[in-house]
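Scroll down for the structure; my scribbles are underneath it.
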There are 2 protein chains.
Amino acid sequence: MYERGAVVSLDEVARAAGVSSATASRALSGRGHVSPATRQKVNEAAESLGYVVSSAASSLASGRSRSIGVMAPDLHRWFFNSVLSGISDTLTRAGYDLTLYNVTNDPQLRREIFRAFLRRRRVDGVIVVALELDEWETEQLGSLGLPVIVLGGRPRALPGMAIDDQGVTRLAAEHLLTLGHRKIGYIGGDHAFDVDYHVPTQRREGFDQAVEAYGLDPADSPAGVADFTIPGGYRAAKQLFGTPGASFTGLVAASDEMAIGVMLAAKDLGVQIPQQVSVVGVDGHELGGLFGLTTVDQHPVGQGRTAAEHILGRVDGQGNGDSDLPFELVVRSSTAAPAEVEPF
Amino acid sequence: MYERGAVVSLDEVARAAGVSSATASRALSGRGHVSPATRQKVNEAAESLGYVVSSAASSLASGRSRSIGVMAPDLHRWFFNSVLSGISDTLTRAGYDLTLYNVTNDPQLRREIFRAFLRRRRVDGVIVVALELDEWETEQLGSLGLPVIVLGGRPRALPGMAIDDQGVTRLAAEHLLTLGHRKIGYIGGDHAFDVDYHVPTQRREGFDQAVEAYGLDPADSPAGVADFTIPGGYRAAKQLFGTPGASFTGLVAASDEMAIGVMLAAKDLGVQIPQQVSVVGVDGHELGGLFGLTTVDQHPVGQGRTAAEHILGRVDGQGNGDSDLPFELVVRSSTAAPAEVEPF
DNA sequence: AGTCATACTGGAAGCGCTTGCATTCAATCA
DNA sequence: TGATTGAATGCAAGCGCTTCCAGTATGACT
């Protein structure tokens with residue numbers, strides 16, 4: 001039904017340039033010795049014929065596909081689609097394609113991705129974004145014989161890049177403590193939500209460390225559990241604000257989406273931010289500005305870029321992948337020194 | 001550096017099953033005649049050896065890559081990543097890969113995607129999500145010799161699927177008019193924002209039609225311009241709410257994100273929804289429930305699924321693509337009959 | 001002048017599949 | 001019963017590149 005319009009082959013380019021296809025290949029790919037004059041002739045021929053290499057033929061012959069696989073969970077979550085944008089941008093600039101594997105909750109589909117999709121040798125490397133991998137999955141990835149990099153979380157067996165997940169919440173909590181808050185609450189994830197690799201635990205840990213460093217008992221901190229989304233944060237905050245006796249002047253949320261949920265809940269309940277409660281999040285969400293949210297920005301787009309650069313380097317046999325990612329506190333209007341005002 | 005772990009070839013499977021590689025290929029792909037007994041032998045051999053077809057070799061030999069290209073703009077926008085999820089889900093289930101081309105504002109990158117990426121013959125079909133294509137791009141897509149489907153917008157030259165973009169806003173406005181509102185405002189896009197193919201104009205048109213049908217003059221409707229995002233809607237609403245003399249009891253926003261921005265602005269300004277102003281959006285945003293937003297749901301995930309099914313059908317030579325997509329009004333708490341209360 | 005390294009180029013062998021064609025064999029039919 | 005048909009299978013020719021190897025030419029060096 002769809003016949004490919006006259007597709008130009010390397011042979012035609014070679015003929016037009018008056019060289020062999022071997023030389024044409026070398027000229028176009030930049031590998032091997034080709035005289036400048038020949039190279040130009042070939043390039044011109046290719047240009048004028050509109051030649052584009054066939055990825056299938058090239059892959060088959062060279063064993064390289066010029067494509068990177070990206071496995072990511074829920075694309076609705078801002079963090080993940082941000083990382084994906086960053087990866088996509090860098091790969092496109094490098095002339096690589098991006099094969100997306102959206103790993104959903106369907107266990108069968110998920111299994112199939114690890115079993116078959118990745119093995120088709122369509123990709124030269126894999127970036128795993130914030131997935132909690134079980135042992136079998138880790139093994140599958142490892143046995144691929146391809147560079148793999150896990151972004152977010154540090155599975156023992158695979159090279160990873162991650163922010164210091166304790167560091168971010170520690171920084172967030174320290175910010176509040178420095179401002180003078182002494183009674184601060186925490187809203188974070190639960191182990192049951194394993195979309196993030198151990199992230200919930202790590203983040204809570206960081207919070208605790210900061211609190212303890214100020215001689216306080218983390219157990220005294222009112223805590224809520226949510227799933228890293230806006231509605232999740234909203235619900236948790238409503239509950240927290242409504243808990244009798246659980247007063248606090250500051251609140252750390254383990255993600256900006258939760259923090260935004262908190263701010264919405266506060267608005268609904270008439271709790272004033274930051275007069276009655278200061279709120280800090282983690283991520284650097286694009287809506288942070290709109291809400292005046294103080295946050296620990298982890299530059300997700302940059303993380304995507306970095307991961308992509310890294311994997312591209314590894315495809316060429318450089319580096320090994322483990323590294324730390326930067327983050328920084330961005331202070332906006334959702335935090336202030338605790339006022340003399342009655343806490344909520 | 002990374003040697004591929006013992007990759008199993010079709011020949012090995014064939015040998016293990018005691019047949020020729022031709023038969024093994026037919027057995028595995030399901031094409032051609034193979035006796036049930038042979039088929040089973042081959043399947044078992046493949047299974048036990050962990051054989052997975054090489055996509056490059058298969059593509060080269062058959063001309064089919066079992067991959068679909070998806071071109072999408074800004075992944076942050078909820079609508080786009082929803083559609084993408086839907087596409088991904090359907091493709092994965094069908095055993096297809098998804099090659100993502102995130103089309104950004106960088107004109108050079110964008111050009112390159114159309115010029116080279118799509119021509120590498122890595123994909124069997126292309127789904128274009130809500131991109132305003134210029135003539136050259138349309139032509140490139142058309143000359144690919146591949147099934148292409150444009151989701152959202154209807155470029156003359158390419159088959160497309162779209163909701164009735166006039167219909168959605170007409171429905172939204174009719175909802176308000178039916179409730180008794182007679183002074184309703186509109187927040188929509190601008191031609192300058194061409195991420196959506198003609199969508200801004202179409203949606204405004206639909207709104208006007210509804211208003212006119214009630215004997216009102218669309219020119220009397222207070223209107224704001226925004227870029228389909230939450231902050232955009234927020235800014236436009238602040239302006240609209242602050243315009244002297246521009247009173248209205250209902251507001252139609254051309255996207256849910258804008259509508260959410262409107263609600264946030266209203267909250268900040270103390271404008272009560274729906275008591276003073278009723279708000280309707282378009283999309284079916286996942287946060288609609290949280291905000292109690294009345295909306296015209298266009299089921300973006302479903303759209304993605306439908307588009308994917310369609311393109312898969314076209315790859316197999318069926319159908320031609322043009323079709324309408326369903327949408328429906330979802331009434332929540334952001335709309336009500338105009339109260340006796342003073343409008344904002 | 002002779003040797004050797006080096007730059008450039010072409011021939012040709014695959015890469016791992018799919019598929020057209022030929023072959024075999026058993027079932028069907030007049 | 002011989003001719004016909006069709007299912008089942010194998011052979012082998014590619015698909016369009018990359019790259020090893022060999023060959024030639026050119027320049028450098030002793």
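Order of the sequence lines sets the chain letters (A, B, ...), proteins ahead of strands, with each chain counted from 1. Only this structure's heavy atoms are used, side chains among them; waters, hydrogens and symmetry mates stay out.
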Practice item. Starting from C1' on dA7(C), measure out to CZ on R31(A) and report it in whole angstrom. Key: 19 Å
Review point. Do Q108(A) and E112(A) have a side chain donor and acceptor closer than 3.5 Å?
Key: no
Review point. L60(A) has a side chain; which of dG16(D), dC17(D), dA12(D) sits nearest to it?
Key: dG16(D)
Practice item. Can you tell me the distance, in whole Å, between the CD atom of Q40(A) and the P atom of dT9(C)? Key: 13 Å
Point to revise | Separation of dT18(C) P from L28(B) CG (nearest whole Å) | key: 8 Å
Study note, to complete from the structure: Y51(A) OH to dG16(D) C1', in whole Å, measures 7 Å
Review point. Between atom NZ in K41(A) and atom C1' in dC8(C), what is the gap in whole Å?
Key: 12 Å
Study note, to complete from the structure: So OG1 of T138(B) and CG of L133(B): to nearest 0.5 Å the spacing works out to 4.5 Å
Review point. OP1 or OP2 of dT18(D) less than 4.0 angstrom from a side-chain nitrogen or oxygen of S25(A), does that happen here?
Key: yes
Practice item. With sequence neighbours left out, write down each residue that passes side-chain hydrogen bond (donor to acceptor under 3.5 Å, both in side chains) with Q303(B), or none if nothing qualifies. Key: Q298(B)
Check your understanding: Do S20(A) and R26(A) have a side chain donor and acceptor closer than 3.5 Å?
Key -> no
Review point. Of the nucleotides dC8(C), dT9(D), dG16(D), which one has an atom closest to the side chain of V34(B)?
Key: dT9(D)
Practice item. Would you kindly check whether a donor in the side chain of R26(B) faces an acceptor in the base of dG10(D), or vice versa, at under 3.5 angstrom? Key: yes
Check your understanding: For the pair made of CZ in R15(B) and P in dC11(D), what is the distance, rounded to whole Å?
Key -> 13 Å
Review point. Which nucleotide in the set dG10(C), dT9(D), dG16(C) lies at the smallest distance from any side-chain heavy atom of H33(B)?
Key: dT9(D)
Point to revise | S58(B) side-chain N/O to dT18(C) phosphate OP1/OP2 under 4.0 Å | key: yes
Check your understanding: Among dT9(D), dC17(C), dT9(C), which nucleotide sits nearest the side chain of T23(A)?
Key -> dT9(C)
Check your understanding: Is it true that the NZ or CZ of R120(A) lies under 6.0 Å from the centre of F117(A)'s six-membered ring and within 45 degrees of the ring axis?
Key -> yes
Practice item. Between S62(B) and S21(B), name the one whose nearest nucleotide on DNA chain D is closer to the 5' end. Key: S21(B)
**Study point:** Selected nucleotide, minimal atom distance to R121(B) side chain, candidates dC17(D), dG11(C), dG10(D)
**Key:** dC17(D)
Review point. Going from CG on N102(B) to CZ on F80(B), what distance comes out if it is rounded to the nearest 0.5 angstrom?
Key: 10.5 Å
Exercise for review: Could you tell me, to 10°, how much the axis swings from one end of the helix from dA1(C)-dT30(D) to dA30(C)-dT1(D) to the other, five pairs per end?
Suggested key: 40°
Check your understanding: Going from CG on L91(B) to CZ on R66(B), what distance comes out if it is rounded to the nearest 0.5 angstrom?
Key -> 10.5 Å
Study note, to complete from the structure: Rounded to whole Å, the CG-C1' distance (D11(A) to dT18(D)) equals 12 Å
Check your understanding: Does the side chain of V42(A) come within less than 4.5 Å of L28(A)'s, by heavy atoms?
Key -> yes
Check your understanding: Would one find a side-chain N or O of S35(A) under 4.0 angstrom from OP1 or OP2 of dA7(C)?
Key -> no
Practice item. Pick base, sugar-phosphate or nothing for T38(B), based on heavy-atom distances below 4.0 Å to the nucleic acid. Key: sugar-phosphate
Review point. Rounding to a whole Å, what distance do you find between L10(A):CG and dG16(D):P?
Key: 11 Å
